[in-house]
Colleague: 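Just passing along the structure, written as structure tokens.
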Amino acid sequence: MPQSFRKEEQRVDFVRLEEHILALWDREHTFERSVEQRRGREPFVFVEGPPTANGLPHPGHILTRVMKDVILRYKTMRGFYVPRRAGWDTHGLPVEIEVEKELGLNTKGEIEQFGVEEFNRRCRESVFRYEKEWVNATKRVGFWIDMNNPYITFTSDYIESVWWSLKEIWKRGLLYRGHKVVPFCPRCETALSTHEVAQGYQDVEDPSIYVKFRLKSDSAFMLAWTTTPWTLIGNIALAVHPGHTYVKVRVREDEQWDILILAEARLDDALNGHEYEVIDRFRGEALEGMEYVPLFEYANITGGAAHKVLTADFVSLDEGTGVVHIAPAFGEVDYELCRSRNMGFTQPVDSKGRFTEEVPPLRGIFVKDADKRIIEWLRERGILFREARYLHSYPFCWRCGSPLLYYARESWFIAMKSLRESLIANNEKINWYPGNLKYGRFGNFLENIEDWALSRERFWGTPLNVWVCNSCGAEYCVGSVHELRERAVSDVPDDLHRPYIDQVVLRCENCGGEMKRVREVIDCWYDSGSAPFAQWHYPFENTDEFRRNFPADFITEAVDQTRGWFYSLLAVSTAIFNEPPYLNVLSLGHILDEQGVKMSKSRGNVVDINRIFNNDGADALRWYLFTAGPPHDDIRFSERDITRSKKFMNTFWNSYFFFITYAIIDRFIPHKEAIPVDKRNYMDRWVISRLNTVIGEVIEAIERFDVHVAARRLEEFVVNDLSNWYIRRSRRRFWIPEESFDKECAYQTLYEVLMTLCKLLAPFLPFITEHIYQNLRDTEQPDSVHLCDYPTPVESLIDAELEDSMSMVVKLVEAGRRARSDAGIKIRQPLSDVVIACSDADKLTKVRNLMDVLRDELNVRAVRLCVEHPAATGYIRVDVDDTLSLFLNTQLDKGLIAEGLVRDIVRRVQGMRKELDLDYTAEIRIMYECDAEVEEAIESFRDYICAETLAVELKRGKDGHMYGRSWKIGDRDVYIAISER
RNA sequence: GGGCUCGUAGCUUAGGCUGGUUGGAGCGCUCGGCUGAUAACCGAGAGGUCCGGAGUUCAAAUCUCCGCGGGCCCA
């Protein structure tokens, strides 16, 4: 039984096609088999950066999913074992905020009143609210990943692995308690993430005051500047720049003279017209360690010295006085400076932003409301030098509009600074795409790494696994559920989340007292950074699995993950294993709207991906995303361009459709016995050579993650080489009715090229390639294109010289067409000859091999080659390059004109066949009426006309039963009628 | 405010590392041609301050610096 191909529609509905393929993959478990088939081969390890499914997936998510997919499918086809496991990120503040909104809760107090148990239950539920949409979109876009068995960061196994890793860090003394200055909303009683802070900046006017601090050793004052008078209550130090020049000046204030110290560069601005006289100049470092009289005696200072002048490089001379007031409770740099110089700490403000009883006159007053009182006091005591107003941008709570306070909170840290060298060394082992990130954004970040503030005073997250003794203050980090059970004096819940875990009391090994868990949960970035081991429940289970899958060969996410997941993975892995967790990382650009503006819900410019799936299909979307530009560049999303990417798919489809159409007619059987390529004609050898060259280029590009280059090479091959040149030039070889060696060569060649293209394109366009492959394959071949090996170039099939010759011929053809166009002679009109003149003998030889192509394409009877330019008249000249020119003979004789007429008639008949929608193989009768000259032409080309149009009868006359039309050919009238025999 | 990145025709882009004929191409537009796979294709035309400015150089889209605009990250 000879192989026969299924018939196809010329106009294909990609969306329906894709739905069928999805069902096929489901039925046949193609994904699972594509992975399993490679078991035992070299692994290619991928880690999925877990998304949070508490919102709908948007185009940016789709981009990362298809980029992951194209690489993983490619590696699979290259023979690697590439298991892929989905993951879900399920903890964290964004989840809590969504639930707060739904419940109408605003503060932590309200959540506690509502009940942490119920609150967390709702959080857990919310993170899978859009799971179905995520799963659907993932499947629909063709991203193959195992979503039946995902890792989930809230499961007890995952949490236990995270606990184990934190205990490792704790055992090494890298987990410590300290203060962190965070942007804090006093009304919501919550620290805000930087992202939340960023959306709440407003321009406001604040007081701007210049305050005099009296030095103890001297009658001089340090003149400092601040826009937040209330923070003066927490003043611990003053800072000056060690290298800049400071001056001691006598300044006139009303009737008296003061001696002030400030930066020389700030003199004019700060003194604002006051009369002054410089009496001393020195570098800032000369002030180091000088003590001053505190402004207020309220603060209860612990843990170190106070009221001294310090030097610090961050002091700027852009504004103020060059003397900076330092309050460690209210500023991050302030806090860091005091900590590094062993200065003390004071926190006179409570978590609602009100002064505590440490400050009796201001007790219970909100800090911002205290500014006026404080300024008044300073004025009364004569230490307010100047007061003004100051316009600047200041952050407010996006939720309630309260001004945010920078506020020191107790926090747990991982000492990343001490791992700096290891982080940098591990980064050395990672390949970054694009490369600039390695030493740029990411490298710089590592150079200046800060300790990781790990804890969050929140509810829904992995509970921080540290217990503290009520009696002796001992700390203990629990590293497993087993350990927890052993040491607990109460029951251990199955659910390790708050509030249950908060009830677990441990016995203190030091003093026998009771230990309670600290209240914090951990940063959810630590959760996802633990994915390489926690997804395996390592080290409690799957130790071999983990070892085989660490480090990952490949991860990819959008560039905003540089300091997010890319960092948290490296941080955790360096702390625990001192190894890089991934070896190649591809950072992707973002999807912007057509105006180049970020897509966001609030702007309402987010494209509905389901509409794209339903209108254009997944392959068209994928192709658009792959070809839009380098993967690391932002994409301005344009639906019009997606439609354009369908053009390429149409061309690919039509090439296949052409093949199928004639292969069915001719009952072509693939793989009957392959004709050696060197026995085939030059067009066949050429297209096979081009194909193999392109295979090499595609592989090289994907290996560099230049996905866009690979895709564009393929597109160029399909459109230019295959469709517009090979098939167009070879069409007639398929039309010959009888069996022939040459026809068999053409069929075999086109079949092989299409099959190879399916495999080459399969990682990019998994649907259409699968569909075409299913029809083309025979039973010997794998039952899915995705189970095939990726093609590799066969060097012996690459004929660089032939490719070279052909590209020269293409140029000559273009030149010839231009010559015709200039002369106003259409291509259908045969001409007698064309002369190719070339001073380069080597080039001329290359053209000589392909003269037939030139003759056919230019529709001339003869092609002549010569070294010298001919001096003949009647020729029109076009230069191709310095050495190569084309001369087209534009003289017409009677014979040529007759042949041109006949071609026109054939063309009209073919058009009429199409109008009648006749089968390609249908035979017809033709009748015509015309003048004598045309009739003579028809008669002399009778056989040619019949062969071209499959006519069995061609005669003069008219028949009302036939389909007839009158034509104007040149200036002659011709009537033609046809009918099926 | 700082770091990174991008800016080429109406739109999407190649080229930029390694400076050197007239800065390529696709879509769209105008005109002409071709067409029995193709809503495809071919030819001609209109359309460019290569974001702006300065510098280096015999020579800059390309290298350097300073701006402007978009994006991301951080403050």
Side-chain angles (χ1 to χ4, degrees), chain A residues 8 10-11 183 194-195 197-198 201 314 316 318-319 332-333 392-393 395 434-437 439-445 448 450 558-564 567 587-592 594-598 624 627-630 632-636 638 640-641 643-648 650-662 708-709 712 715-716 719-720 723-725 727-728 731-732 734-735 750 810 813-822 824-829 857 859 878 881-882 903 906-907 909-915 917-922 948-950:
Chain A
E8 291 281 13
Q10 176 154 3
R11 208 57 83 241
T194 54
H195 179 74
V197 174
Y201 274 92
F314 63 75
S316 128
D318 294 339
E319 51 188 9
E332 196 171 348
V333 291
H392 63 154
S393 76
N436 63 283
L437 288 174
Y439 300 114
R441 188 187 287 198
F442 196 69
N444 289 336
F445 178 59
N448 303 303
E450 296 290 336
V559 63
D560 57 283
Q561 295 298 333
T562 308
R563 296 186 187 190
Y567 170 65
S587 164
L588 305 174
H590 287 109
I591 305 259
L592 312 177
E594 284 199 276
Q595 271 63 252
V597 181
K598 181 187 172 176
Y624 167 67
T627 51
H632 59 269
D633 270 1
D634 292 340
I635 296 175
R636 283 195 187 200
S638 153
R640 271 177 45 220
D641 286 350
T643 315
R644 276 179 213 161
S645 79
K646 281 200 288 195
K647 197 188 85 171
F648 156 68
N650 267 320
T651 304
F652 181 43
W653 179 266
N654 283 324
S655 303
Y656 156 72
F657 179 76
F658 172 85
F659 170 81
I660 281 291
T661 303
Y662 290 99
H708 66 303
V709 173
R712 287 171 181 180
E715 179 162 333
E716 284 158 12
V719 173
N720 298 336
S723 174
N724 289 338
W725 196 248
I727 294 182
R728 189 163 63 80
R731 268 192 294 219
R732 306 186 77 85
F734 294 88
W735 293 345
L750 185 51
V810 169
V813 166
E814 283 165 6
R817 289 196 184 128
R818 193 156 61 231
R820 276 180 170 273
S821 180
D822 291 349
I825 301 171
K826 53 188 171 186
I827 291 176
R828 217 179 292 126
Q829 173 61 59
E857 282 291 321
N859 193 18
V878 175
D881 58 37
D882 289 348
R903 290 251 190 146
V906 167
R907 158 88 230 297
V909 173
Q910 305 291 33
M912 290 168 75
R913 285 186 65 114
K914 205 171 183 178
E915 282 163 12
D917 200 21
L918 296 184
D919 207 78
Y920 293 152
T921 54
E948 285 294 304
T949 61
L950 298 185

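Chain letters run A, B, ... following the sequence lines, proteins first, then strands; residues in each count from 1.
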Colleague: Tell me whether the OP1 or OP2 atom of B/A37 has a side-chain N or O from A/Trp735 closer than 4.0 Å.
Modeller: yes
Colleague: Any chance you could measure A/Phe648, atom CZ, to A/Ser723, atom OG, to the nearest 0.5 Å?
Modeller: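 Output value for this atom pair is 10.5 Å.
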Colleague: Classify A/Glu948 by what it touches in the nucleic acid, base, sugar-phosphate, or nothing, heavy-atom distance under 4.0 Å.
Modeller: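 Counting heavy atoms under 4.0 Å across all strands, no contact is made by A/Glu948.
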Colleague: What is the distance from NZ of A/Lys646 to C1' of B/U12, rounded to the nearest Å?
Modeller: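 My rounded result for the distance is 18 Å.
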Colleague: Would you indicate what A/Ser638 reaches in the nucleic acid, counting non-hydrogen atoms under 4.0 angstrom: base, sugar-phosphate, or nothing?
Modeller: nothing
Colleague: Rounding to a whole Å, what distance do you find between A/Asn444:CG and B/C73:C1'?
Modeller: 12 Å
Colleague: Within the structure shown, what part of the strands sits under 4.0 Å from A/Phe659 by heavy-atom distance: base, sugar-phosphate, or nothing?
Modeller: nothing
Colleague: Sub-3.5 Å donor-acceptor pair from the side chain of A/Tyr567 to the main-chain atoms of A/Phe442, do we have one?
Modeller: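 Pair absent, no side-chain N/O of A/Tyr567 close to backbone of A/Phe442.
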Colleague: Using atom P of each nucleotide, how far apart are B/A60 and B/U56 to the nearest Å?
Modeller: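 Roughly 11 Å separates the two P atoms.
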Colleague: Mind checking the C1' distance from B/G47 to B/G1? Whole angstroms is fine.
Modeller: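 Here B/G47 and B/G1 have their C1' atoms 41 Å from each other.
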Colleague: Among the nucleotides B/C41, B/A37, B/U5, which one has an atom lying closest to any side-chain atom of A/Asn724?
Modeller: B/C41
Colleague: From the options B/A40, B/C73, B/U13, select the nucleotide whose nearest atom is closest to the side chain of A/Arg712.
Modeller: B/U13
Colleague: Between P on B/C4 and CG on A/Asp633, what's the gap in Å once rounded to a whole number?
Modeller: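 Value for this atom pair: 17 Å.
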Colleague: What is the distance, to the nearest angstrom, from the CG atom on A/Leu588 to the C1' atom on B/C6?
Modeller: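 Interatomic distance, CG of A/Leu588 to C1' of B/C6: 16 Å.
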Colleague: Expressed as a whole number of Å, how far does the P atom of B/U21 sit from that of B/A61?
Modeller: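 It works out to 10 Å between them.
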Colleague: Between A/Ser638 and A/Tyr624, what is the shortest heavy-atom contact and its length?
Modeller: N-OH, 3.2 Å
Colleague: What is the minimum heavy-atom distance between A/Phe657 and A/Glu8, and which atoms define it?
Modeller: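 Taking every non-hydrogen atom into account, CE1-O, 3.3 Å.
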Colleague: Between B/C41 and B/C27, how far apart are the two P atoms, rounded to whole Å?
Modeller: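 6 Å, rounded to whole Å.
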Colleague: Distance between the P atoms of B/G23 and B/U62, in whole angstroms?
Modeller: 14 Å
Colleague: Anything under 3.5 Å between a protein N or O and an N or O of nucleotides 26-29 of chain B, put it in a table, one pair a line.
Modeller:
unit_1 : atom_1 : unit_2   : atom_2 : d
B/C27  : OP1    : A/Lys647 : NZ     : 3.4
B/C27  : O2'    : A/Arg644 : NE     : 2.9
B/C27  : O2'    : A/Arg644 : NH2    : 3.1

Colleague: Tell me the interatomic distance from A/Glu716, atom CD, to B/U13, atom P, rounded to whole angstroms.
Modeller: 16 Å
Colleague: Roughly how many Å apart are B/G53 and B/G7, using the C1' atom of each and rounding to a whole number?
Modeller: 16 Å
Colleague: So, is A/Tyr656 near the phosphate of B/A37, with a side-chain N or O under 4.0 Å from OP1 or OP2?
Modeller: no
Colleague: Using modelled atom types and a 3.5 Å cut-off, is there a donor and acceptor pairing between side-chain atoms of A/Arg441 and backbone atoms of A/Leu437?
Modeller: no
Colleague: Between A/Val906 and A/Glu948, what is the shortest heavy-atom contact and its length?
Modeller: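 For A/Val906 and A/Glu948, the tightest heavy-atom pair comes out as CG1-CB, 3.9 Å.
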Colleague: Would you indicate which nucleotide in B/U35, B/C73, B/A39 comes nearest to any side-chain atom of A/Arg731?
Modeller: B/U35
Colleague: Would one find a side-chain N or O of A/Arg728 under 4.0 angstrom from OP1 or OP2 of B/A40?
Modeller: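 Checking A/Arg728 against B/A40: no side-chain N or O falls below 4.0 Å of OP1 or OP2.
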Colleague: Quick one: look up who B/U62 pairs with, Watson-Crick or G-U, both distances under 3.5 Å, and put none if it's unpaired.
Modeller: none
Colleague: Considering every strand and a 4.0 Å limit on heavy-atom distances, what is the contact class for A/Ile727: base, sugar-phosphate, or nothing?
Modeller: base
Colleague: Rounded to whole angstrom units, what separation is found between the CG atom of A/Asn436 and the P atom of B/C4?
Modeller: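 It works out to 10 Å between those atoms.
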Colleague: What closest approach, in Å, do A/Ser587 and A/Pro434 show between heavy atoms, and which atom pair accounts for it?
Modeller: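 Shortest heavy-atom contact: O-CD, 3.9 Å.
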Colleague: Does A/Asn654 or A/Thr627 map to a spot on RNA chain B nearer the 5' end, using the closest nucleotide for each?
Modeller: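 By nearest-heavy-atom nucleotide position, the 5'-most residue is A/Thr627.
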Colleague: Quick one: are the ring centres of A/Phe658 and A/Tyr662 less than 6.0 Å apart?
Modeller: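 Distance test on ring centres: under 6.0 Å, yes.
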Colleague: Taking pairing as Watson-Crick or G-U wobble with both contacts under 3.5 Å, can you name the mate of B/U13, or confirm there isn't one?
Modeller: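 Pairing partner: B/G24.
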Colleague: Tell me the interatomic distance from A/Phe658, atom CZ, to B/A37, atom P, rounded to whole angstroms.
Modeller: 6 Å
Colleague: Tell me: CZ of A/Arg563 to P of B/C74, nearest whole Å?
Modeller: 6 Å
Colleague: If I take atom CZ from residue A/Arg636 and atom CG from residue A/Asp641, how far apart are they, to the nearest 0.5 angstrom?
Modeller: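 Rounded to the nearest 0.5 Å, the CZ-CG separation comes to 11.5 Å.
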Colleague: Can you find an N or O donor on one side and an acceptor on the other, under 3.5 Å apart, linking the side chain of A/Arg441 with the base of B/C72?
Modeller: yes
Colleague: Whether the side chain of A/Ser723 and the base of B/A37 hold a donor-acceptor pair under 3.5 Å is what I'd like checked.
Modeller: yes
Colleague: If you compare all heavy atoms of A/Gln10 against all heavy atoms of A/Trp653, which two are closest, and at what distance to 0.1 Å?
Modeller: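 Closest pair (atom of A/Gln10, atom of A/Trp653, distance): O-NE1, 3.3 Å.
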Colleague: Does A/Ala628 reach a base, just sugar-phosphate, or nothing at all? Heavy atoms under 4.0 Å.
Modeller: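 Here A/Ala628 touches the backbone only, sparing every base.
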Colleague: Could you check which nucleotide pairs with B/G48 in any of the strands shown, counting Watson-Crick or G-U wobble with both distances under 3.5 Å?
Modeller: none
Colleague: List every contact pair, protein side and nucleotides 65-70 of chain B side both N or O, where the distance is under 3.5 Å.
Modeller:
unit_1 : atom_1 : unit_2   : atom_2 : d
B/G70  : O2'    : A/Gly596 : O      : 2.7

Colleague: Between A/Arg712 (side chain only) and A/Thr627 (backbone N and O only), is there a donor and an acceptor less than 3.5 Å apart?
Modeller: yes
Colleague: In whole Å, measure the gap between the C1' atoms of B/U13 and B/C50 for me.
Modeller: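 One C1' to the other, the span is 13 Å.
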Colleague: Please measure how far the C1' atom in B/C68 lies from the corresponding atom in B/C51, and state the result in whole Å.
Modeller: 7 Å
Colleague: Please confirm whether the backbone N or O of A/Val719 pairs with a side-chain atom of A/Asn724, one donor and one acceptor, at under 3.5 Å?
Modeller: yes
Colleague: Can you tell me the pairing partner of B/G19 across any strand shown, Watson-Crick or G-U wobble, with both distances under 3.5 angstrom?
Modeller: none
Colleague: In terms of the nearest nucleotide of RNA chain B, which residue is placed more toward the 5' end: A/Pro630 or A/Gln829?
Modeller: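 Mapping each residue to its closest nucleotide by heavy atoms, the 5'-most match is A/Pro630.
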Colleague: When rounded to the nearest 0.5 angstrom, what distance separates NE2 in A/His708 from NE2 in A/His632?
Modeller: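 Atom-to-atom, A/His708:NE2 and A/His632:NE2 are 7.5 Å apart.
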Colleague: Would you mind telling me which of B/A37, B/U5, B/A39 lies closest to the side-chain atoms of A/Arg11?
Modeller: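 The closest nucleotide is B/A39.
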